[in-house]
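First the structure, in the form of structure tokens, and then the observations on it.
Just so it is clear: chains get the letters A, B, ... in the order the sequence lines come, proteins before strands, and each one is counted from 1.
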Amino acid sequence: MHVGLEHFLTVSFLLFALGLLGVIIRRNLIVMYMSLELMLNAANLALVSFSRFNDKLDGQVLVFFIITVAAAEVAVGLALIVALYRKRQTAHVEDLNSMKL
Amino acid sequence: MKHELFPWLILFLPLLSATVIALFTLRSKTISSLISIGAVVAGFVLTVLFISANGFHVNAETSKNWLSIGAETSKNWSSTDGITGLQVDFGLKLDALSLMMLLIVTGVGGLIHIYSYAYMDEDDSKARFFAFLSLFTFSMLGIVLSNNFLQMFIFWELVGVSSYLLIGFWYGKPSAGDAAKKAFITNRLGDFGFLLGILTIWGVLGSLNFGELQSIFAAHSATLLSAGVITIAGLLIFCGAVGKSAQFPLHVWLADAMEGPTPVSALIHAATMVAAGVYMLCRVFFLLNADALHVIAYIGGFTALLAALIAVQQNDIKRIIAYSTLSQLGYMVMAVGLNGQTAAMFHLTTHAFFKALLFLAAGSVILGMHHEQDIWHMGNLRKKMPITFITFLIGALALSGIPPFSGFYSKDSIFAQCLEQKNYLLFGVAALVAGLTAFYTFRLFFVVFFGKEKSDHAKHAHESSLVITVPLVVLAVFAAIGGFIGVVNYYGSQFTPDHETLTFVQQLMEPLKTPVPMCIGIAVALIGIFLAFSIYKNADTDPLPAKLGVLSTAMKNRFYFDEIYEATFIRAHDTIAAICGAIDRFLLEGFIIGIIRGGTDLSGRGLRLLQTGNLQTYAFLFVLGVALVLYFVLGK
Amino acid sequence: MASSAVTDVLFYAFAALTLLCAVLVVANPFNRNPVTSAMFLVLTIISMSGLFLLLHAFFLAAVQILVYAGAVIVLFLFVIMLLDLKEEQRRRIKFFGAVAGLLSVGLITAIFFKILHHTNLNEHPLPTVEGDTASLGKLLFTQYILPFEVVSILLLVAMIGVIMLSKKDLK
Amino acid sequence: MSILTYIAGWPLLAALLLVFISGKNRVIIRAIAVLATFISMVLAIKMFCQFAAAPVDADGYRFVQQIPWVESLGISYHVGVDGLNVGLILMGAIVAFAATLCSWEIQKREKEFYILLLVMSGGILGAFASLDLFFFYFLHELALVPTFIMIGVWGRGEKKNYATFQITLYLSIGALIALIGLIALYLQSGADTFDIPKIIAYAKAKPLATNVQNFIFPLLLFGFGILVSLWPFHSWAPLGYGVAPAPTAMLHAGVLKKFGIYGLIRIALPLMPVAAQSWMQIIAWLAIGNILYVGWVAMRQKDLNLLIGNSSVAHMGFIFLGIASLNLIGISGAVMIMVAHGFLAALTFALSGYIYQKTNTLEISELGGLCRRLPFIGTVLLMAAMAGCGLPGFANFVGEATVFFGAWAQPSLHWAVVLAVWGALVIGAVYMTRAIRNILHGPLPEKFATLPDASNLWRKLPYALLLVSLLIFGFVPKLLTEKINPDAAKIVAVSSPVVKTSAVALAEIHTPKSEIRN
Amino acid sequence: MNSSFLTLEFCVIALGIVLMLADFFVLPERKKYLAYLGIAVLTGLLAISFTGDGICSVFGTAFHGSFIEDPLALFFKRFFIAAAILVLFLAAEFSDRIIAGISEYYSLIVFALAGMLFAASADDFAMLFVSIELITITFYVLVSFQKNRLVSLEAAIKYLILGALSSAFMVFGIALIWGTTGKLNFGELAQVSSQFLDNKLFLTGVLFVLVGLGFKIAAFPFQIWAPDVYQGAPTPTTAFLAVGSKAAGFVLLLRVLFIAVPQVTQQWTCLLITMSGITILYGNLCALPQRNLKRLMGYSSISHAGYLLLGIVALAGSAGKSTDGGAAILYYLAGYLFTVMAGFSVIALVARHLADEDISSLAGLNQRSPFLAATMTIAMVSLAGIPPLAGFFGKFLLLKSVIAQGALTGHHAYYWLAFVALAGVVISIYYYFGIVRAIYWSKEAADLSPIQLSGGAKFSIALSLAGIFWLGLFPNTMLNLANEAAKVLGN
């Protein structure tokens with residue numbers, strides 16, 4: 001079977017789903033964050049493959065933006081996690097419980 | 001018609017007096033009472049002047065439009081267009097019926113006013129009393145002069161409320177308050193039927209005016225009088241009379257109403273208010289058909305008997321007279337039911353004289369006895385209160401139907417009417433009641449004025465002042481001669497077109513035309529008096545209860561009507577009210593609102609549980625949301 | 001595509017590696033230390049850049065390795081080391097949470113595949129586009145200049161934020 | 001500027017003025033409030049007197065003023081009176097003045113109280129004068145909100161919070177349902193304007209489709225109905241009035257509550273005649289629910305204010321019965337009762353407020369014999385009670401009797417009239433006389449031996465004013481009916497088919513055997 | 001390319017940089033006043049946006065269609081600038097509680113504003129993405145700015161994770177949209193989108209974009225973050241989040257739904273109705289038992305997103321024939337801006353020395369500061385939608401637009417939605433009045449010391465109040481502006 005768009009998309013979907021799963025079941029903020037990165041990467045993969053099969057480069061430009069933004073997001077996010085850790089000595093979601101209901 | 005303004009003046013003078021007293025002179029007893037007396041006396045004078053100028057048979061109407069909604073529909077009642085308008089006039093109907101009543105109301109009423117001046121002298125609220133009296137007089141005059149149903153209903157209600165005020169005059173006394181309340185509500189029950197009757201008549205004929213209705217009935221008597229709806233309307237209207245004239249089954253208020261000051265009892269419960277029912281029946285007689293009249297006659301007869309029986313075993317001087325009133329009213333209503341409006345009105349008139357007399361005399365006794373009302377605490381008053389004694393005797397004779405006193409003539413005409421209608425059952429009842437009447441009247445008479453003093457008050461009793469005795473004397477004169485001074489003429493000419501005017505002597509001899517009822521009437525009255533004499537001449541206590549046993553207890557307790565009503569009607573209403581109250585409180589207010597409120601609150605609290613504060617849960621819910629939306633839109 | 005068989009094999013290899021590593025990032029049955037996750041994330045990223053190469057996105061493949069593997073993951077590791085997250089192992093994935101998560105993710109995945117299955121992807125037989133630096137750069141600095149500039153502000157903001165968050169309080 | 005703008009404007013202006021006056025100047029604050037409502041009342045009386053002579057505009061309204069407000073939606077400030085609202089405005093202005101006078105006893109936070117009272121007065125007068133759907137609603141809401149606050153802040157008793165909660169939610173729901181109905185009406189009419197005369201004129205030419213009518217009418221009926229405490233949505237009213245400070249209860253029960261009925265008559269009937277026709281029986285049922293059921297509930301009350309509140313709810317039933325009759329007589333009667341009941345409700349709540357102030361209780365069982373110490377208040381209370389049970393001489397009687405006649409002219413409503421008359425004559429009498437018996441009659445408890453009566457003219461004025469108004473319209477109902485009739489006739493002309501009453505009845509007369517059953 | 005379109009954006013970015021750099025030159029105790037510099041500049045910009053010839057009155061696109069200047073964009077730009085001005089006032093009041101560096105705080109607010117301005121003009125998915133990320137990332141930092149408070153950090157992390165999650169969805173959605181259609185530009189997409197109505201991949205893409213935007217506006221089922229973040233964030237941030245971020249979400253939502261994929265939106269009316277209804281109920285019901293003021297405002301903000309969705313529903317139902325719904329949204333947002341700013345100003349000022357913002361902290365406020373008490377009351381009454389305030393007219397317009405659809409199409413769903421909105425309003429009256437009650441008649445007022453207000457606070461609150469009354473009493477001007485702006489959404 002010839003590898004086509006749908007194969008790439010399948011990978012992308014699975015990657016997205018795995019990321020999602022990670023966000024839901026992992027309790028460590030950092031791992032959750034990594035899972036989010038997986039999701040973004042899934043989008044990147046989809047864009048790149050669409051770009052290839054649509055024969056247009058715009059998708060790749062978008063990927064470029066996404067990577068940049070993701071990097072910025074990671075920086076801010078990790079800084080936050082560090083700040084939290086300093087305050088609370090934890091990077092665990094269950095310890096984020098001062099606000100509820 | 002001369003003096004056109006006079007009837008208006010007669011009507012509104014008492015209102016003016018009431019207003020002036022209420023607004024300005026409440027602080028001055030004397031001025032207030034004089035204003036009030038002046039208004040009613042002026043009314044009497046004006047009435048006399050008016051009658052002497054125009055005679056009794058004016059048959060005139062003056063009216064002003066009072067309320068007008070939509071088109072005039074009464075004129076074209078027979079067309080098939082619906083009723084689209086309501087026209088209510090404020091008008092005065094002047095004919096023999098109303099003018100006679102005017103005379104009675106202002107005349108007897110005037111005497112009662114004068115009597116009250118002295119009777120109420122010690123009361124701090126005398127001014128208020130006279131304001132109420134004036135209001136009452138105004139209302140009563142309004143009923144008498146009304147030319148249409150709604151106006152009559154209006155004054156009907158006003159009479160109800162002014163009697164409420166008067167009965168409850170001594171508001172500090174709980175029993176007075178209760179009695180006033182009872183009178184008002186019972187009257188309202190009757191008015192309920194009355195108003196529905198008015199609505200029914202209006203719904204069918206589109207008019208409220210007596211004159212117009214009468215001419216419609218005259219033109220279409222065959223169809224109209226045989227219609228079921230007219231029977232119903234007649235009976236409903238009769239309900240009004242039942243309430244106001246205290247007929248069975250709404251008779252219960254009258255005796256309690258004796259809680260009011262005695263002049264009030266005299267005014268309301270002898271001369272005027274209770275007479276209003278009978279007057280109204282005569283006024284609208286044209287629309288009562290045979291079926292309705294039948295019911296009316298029997299109700300009247302039954303009331304007469306019932307009240308007489310109760311009166312036999314009462315011990316309160318005013319209550320005895322009150323039940324006697326009831327009984328006499330039963331006579332009148334029965335007479336109306338037997339097509340004898342003339343007889344009814346005749347008896348109404350004479351009754352006004354002698355019953356007012358009896359009440360006022362009783363009032364005089366009560367005053368002499370320092371507000372003691374139980375007859376078994378009195379005794380031997382004839383020497384201490386001679387004028388009262390004589391006038392009371394005249395009243396009692398008139399009430400018992402002893403010739404030549406007025407009561408004899410009027411009662412006789414009712415007997416005659418019974419026989420003329422060949423209603424022997426009611427005749428029998430009437431005769432029995434006549435006997436009972438004589439018996440209880442003289443029971444009262446002997447116990448109060450003969451025998452020995454049964455209390456200290458009785459020993460120190462004294463005759464009342466002139467202001468009190470003069471009205472007694474005047475009324476006594478009329479009670480004595482009322483039967484043959486032409487009253488019956490005026491009524492007769494009103495109700496029976498071919499009525500021939502009788503001369504004085506003819507009037508005097510009138511009962512002889514029908515000797516059977518006359519003889520029976522006199523006989524039973526004498527028997528009654530004799531029985532009373534033999535039993536009560538020197539009795540210290542009432543020997544009857546021992547003889548009558550259970551019956552006596554029943555009589556004493558008014559055949560338990562109050563208790564029956566308490567247990568049925570009032571209980572039922574209270575129960576329904578309790579149920580509604582409970583529904584309102586628990587179901588509507590508590591349960592439903594509680595559920596809505598609690599449900600809202602609970603769902604709020606429940607939903608809030610989603611916000612666990614746990615990031616994991618949030619992420620999960622977020623993804624679940626996405627999944628849901630995806631499924632919702634694309635999953636199908 | 002000159003040698004489709006080779007690319008096919010390469011695709012399956014890279015795809016399998018990517019997915020396997022991704023699974024190990026998310027749910028490593030042997031070790032739940034974040035460091036392990038981070039290392040597998042690096043692997044995922046690298047194998048993805050292989051996929052990018054297959055798609056002729058050369059520049060992005062390089063960026064992917066440089067930025068992600070080189071910078072982002074290092075950042076992650078750095079933070080992990082900084083925080084000293086040892087007790088992570090002691091906490092277990094909650095059963096209920098895992099099932100619920102699996103269910104909802106499974107639902108989404110199922111819908112994905114259903115959609116993918118139902119969608120007719122009109123394929124271009126001969127893709128010619130090449131994701132080289134020059135053409136990408138040209139596009140970036142002409143048509144997408146505005147987003148590009150906005151991203152620069154974004155980076156500035158992120159920088160301010162990180163500094164603000166990381167610096168010790170003066171007081 | 002129309003005189004109506006001034007009538008509604010003075011209180012609002014005064015409210016604004018009060019915002020800038022320090023709360024410490026009690027006398028000035030009171031003076032401003034009294035003066036503003038007084039001017040407004042005088043103007044209302046003037047308007048009422050000049051009504052007949054005033055020029056009439058093309059739609060049949062007088063004292064009209066129109067200023068565009070939001071052109072794109074067709075909203076304009078449009079005020080005017082005809083027979084339907086002239087009495088209401090007069091009544092509202094008088095009650096507002098009386099209520100302001102009765103606020104004398106408010107001790108805490110007077111400034112805020114007067115501001116709210118004035119907003120309430122101005123708002124409701126404006127709502128009655130408004131001929132634009134939007135302003136009609138808008139101004140009513142403006143008047144409604146102060147009610148909640150006043151009950152919440154200055155209310156009394158343990159149930160204050162619950163009552164506030166209930167009245168707020170009920171009235172908000174009612175108002176919002178009505179709002180949805182009004183918006184739907186605006187949209188469905190196709191006239192693209194909120195101007196009531198224009199919509200009506202438009203609907204006359206192009207009536208709303210039957211299904212649309214049947215959809216919107218219940219919205220308005222129940223929306224407005226809740227505002228008027230239509231059974232079974234009434235339970236907010238007695239409770240709310242039970243805890244409300246007297247002036248608030250006076251204004252709300254007297255004036256504000258009439259808004260719903262006014263809306264039904266002014267808007268729902270002429271625009272949706274077909275639906276009104278088909279809802280007639282249901283309205284009658286609900287009206288009987290008000291009259292009988294709530295009457296019975298009133299019999300059970302042990303608190304004077306709750307009793308008055310329930311009685312006030314019961315009275316609404318007569319108005320609904322008048323509406324259900326859908327003929328000139330019934331609707332005229334309904335309008336008449338609206339005015340009469342406004343005075344009456346205000347009067348009774350003013351009295352109960354006075355009694356509460358002096359005795360600190362409204363438990364009927366704790367009161368008694370008050371006539372002795374309070375001859376003036378007692379007399380007025382007695383008269384109010386009598387007016388409450390429909391005694392002739394007071395305006396209420398005229399209205400109720402007219403409604404009975406109107407409903408009787410609809411043969412299908414005979415049953416309802418029978419029950420309503422029972423409610424009016426018997427049940428009303430029972431609870432009113434019971435209350436009088438227990439409050440005014442009987443012995444005076446020791447603790448009330450020094451109760452002060454309304455001592456001076458100022459104190460007596462509000463009661464006297466309201467009582468005199470009741471009596472004037474009771475004695476000379478033509479003052480009102482003459483004004484109401486032509487305009488009620490316009491509404492009836494669209495909303496009521498020809499009634500074949502006497503045709504039916506006479507047919508039965510001509511066939512002697514038949515009977516009429518109610 | 002007409003770069004004069006970007007005047008506002010350039011100025012705002014420059015302002016942000018200036019504020020940031022000013023940190024080096026201004027004495028620490030004076031830094032507080034930098035806010036007034038920002039306010040002055042922004043006020044100038046706002047004035048220019050109304051008066052400037054050729055700057056804001058020329059409409060068109062730039063940067064290959066990725067940037068559009070039209071009445072809708074202009075309306076929102078003015079809105080955002082106004083919001084930022086009010087937020088800066090609030091931030092100046094709040095400065096003593098931000099220890100991490102107040103000038104950065106100001107500059108980040110201004111940068112977020114820049115992101116919003118870009119969002120208002122975004123006309124393709126790339127711009128949409130970067131502008132929304134600019135806003136979001138700025139907000140991550142803004143939320144965490146009180147980093148000495150745990151709740152602030154915690155809120156930031158929750159916002160961060162969920163925000164990133166929603167971004168991931170949105171990005172994936174964009175990928176799918178672009179992949180299936182090959183278009184990024186909204187206008188171009190609109191021309192082809194009708195061909196893809198049964199392409200589920202495309203629809204999924206649109207849906208995922210919707211998820212991202214739904215997250216921004218806190219609509220059900222993406223509302224879950226709002227209460228925690230509102231509660232934890234510094235009050236000025238919360239206020240900006242409530243108005244600015246939400247409005248940015250709405251402008252993008254409007255553009256995507258009604259300019260890019262109108263046909264799809266039309267198909268999804270039912271979904272939108274459901275979302276709107278549940279959002280209203282959810283927000284209001286959850287707010288009922290809430291005692292923390294800011295958290296309550298969070299729930300309330302969810303419900304207001306639901307009300308705003310009414311307008312979207314109306315727009316979706318009318319298929320571009322009527323833009324009343326759009327105008328209603330714009331009007332409502334304008335009213336919401338003033339109301340929320342007034343409310344948060346009071347909360348910020350009252351809870352200055354308190355650890356949390358419990359409702360009971362309002363006790364006795366009417367004695368401590370009658371002005372603040374009145375302001376809070378008016379704000380709550382307006383939020384509840386009661387005349388004569390802004391909230392009423394806004395709700396009126398929204399309801400009207402929805403009922404109009406019901407009347408036009410005869411679908412009962414619209415009426416049901418109106419009833420749900422009504423139920424929501426009634427519920428909301430209860431808790432808003434709970435706040436009013438706390439102000440005026442709660443018994444336990446621990447602290448009765450008078451609250452001193454600075455001139456700036458007084459001025460900004462007065463401004464908000466004026467706005468509330470202005471929109472409630474004289475809706476004409478704003479309504480015309482909104483109508484004008486909403487015309488863009490019609491066809």
query: Taking Ile163(C), Val151(C), Leu156(C), Val150(C) one by one, which has the highest count of heavy-atom pairs under 4.5 Å against chain E?
result: Val150(C)

message: For Asp132(C), is there any backbone N or O sitting under 3.5 Å from a side-chain donor or acceptor partner on Ser135(C)?
response: yes

- prompt: Top residue by heavy-atom pair count (under 4.5 Å) with chain E, among Val157(C), Leu146(C), Ile153(C)?
  reply: Leu146(C)

- prompt: If we only count heavy atoms from C-beta on, is the Phe139(E) to Phe240(E) side-chain gap below 4.5 Å?
  reply: yes

- prompt: Going by heavy atoms in the side chains, are Phe118(E) and Val130(E) under 4.5 Å from each other?
  reply: no

message: Which atoms of Leu165(C) are under 4.5 Å from chain E, going by heavy atoms: the side chain, the backbone, both sets, or neither?
response: both

- prompt: With a 3.5 Å cut-off and no angle check, do the side chains of Thr136(E) and Lys216(E) form a donor-acceptor pair?
  reply: yes

statement: Honestly, the part of Leu184(E) sitting under 4.5 Å from a heavy atom of chain C is side chain

- request: Tell me, out of Phe111(E), Phe202(E), Phe129(E), Tyr140(E), who's got the most heavy-atom pairs with chain C below 4.5 Å.
  value: Phe111(E)

statement: If one checks every heavy atom of Thr138(E) against chain C at 4.5 Å, the contacting part turns out to be both

message: If we define contacts as heavy-atom pairs under 4.5 Å, which of Leu108(E), Ile17(E), Ile13(E), Leu153(E) has the most with chain C?
response: Leu108(E)

query: Is chain E contacted by the side chain of Phe148(C), its backbone, both, or neither, given a heavy-atom distance below 4.5 Å?
result: neither

- prompt: Heavy atoms, side chains only, cut-off 4.5 Å: are Ser121(E) and Lys77(E) in contact?
  reply: yes

task: Would you kindly say whether Thr237(E) and Tyr105(E) are connected by a side-chain donor-acceptor distance under 3.5 Å?
output: yes

- request: Let me know if Leu142(E) has heavy atoms under 4.5 Å from chain C in its side chain, its backbone, both or neither.
  value: neither

field: Most chain C-contacting option - heavy-atom pairs closer than 4.5 Å, from Val141(E), Ile135(E), Leu134(E)
entry: Leu134(E)

task: Decide whether Glu69(E) and Thr61(E) meet the rule of one side-chain donor and one side-chain acceptor closer than 3.5 Å.
output: no

message: So that I can tick it off, tell me whether Glu154(E) and Arg149(E) are bridged by a salt bridge, with the cut-off set at under 4.0 angstrom between side-chain N and carboxylate O.
response: no

task: Select one option (side chain, backbone, both, neither) describing which atoms of Asp198(E) are under 4.5 Å from chain C's heavy atoms.
output: neither

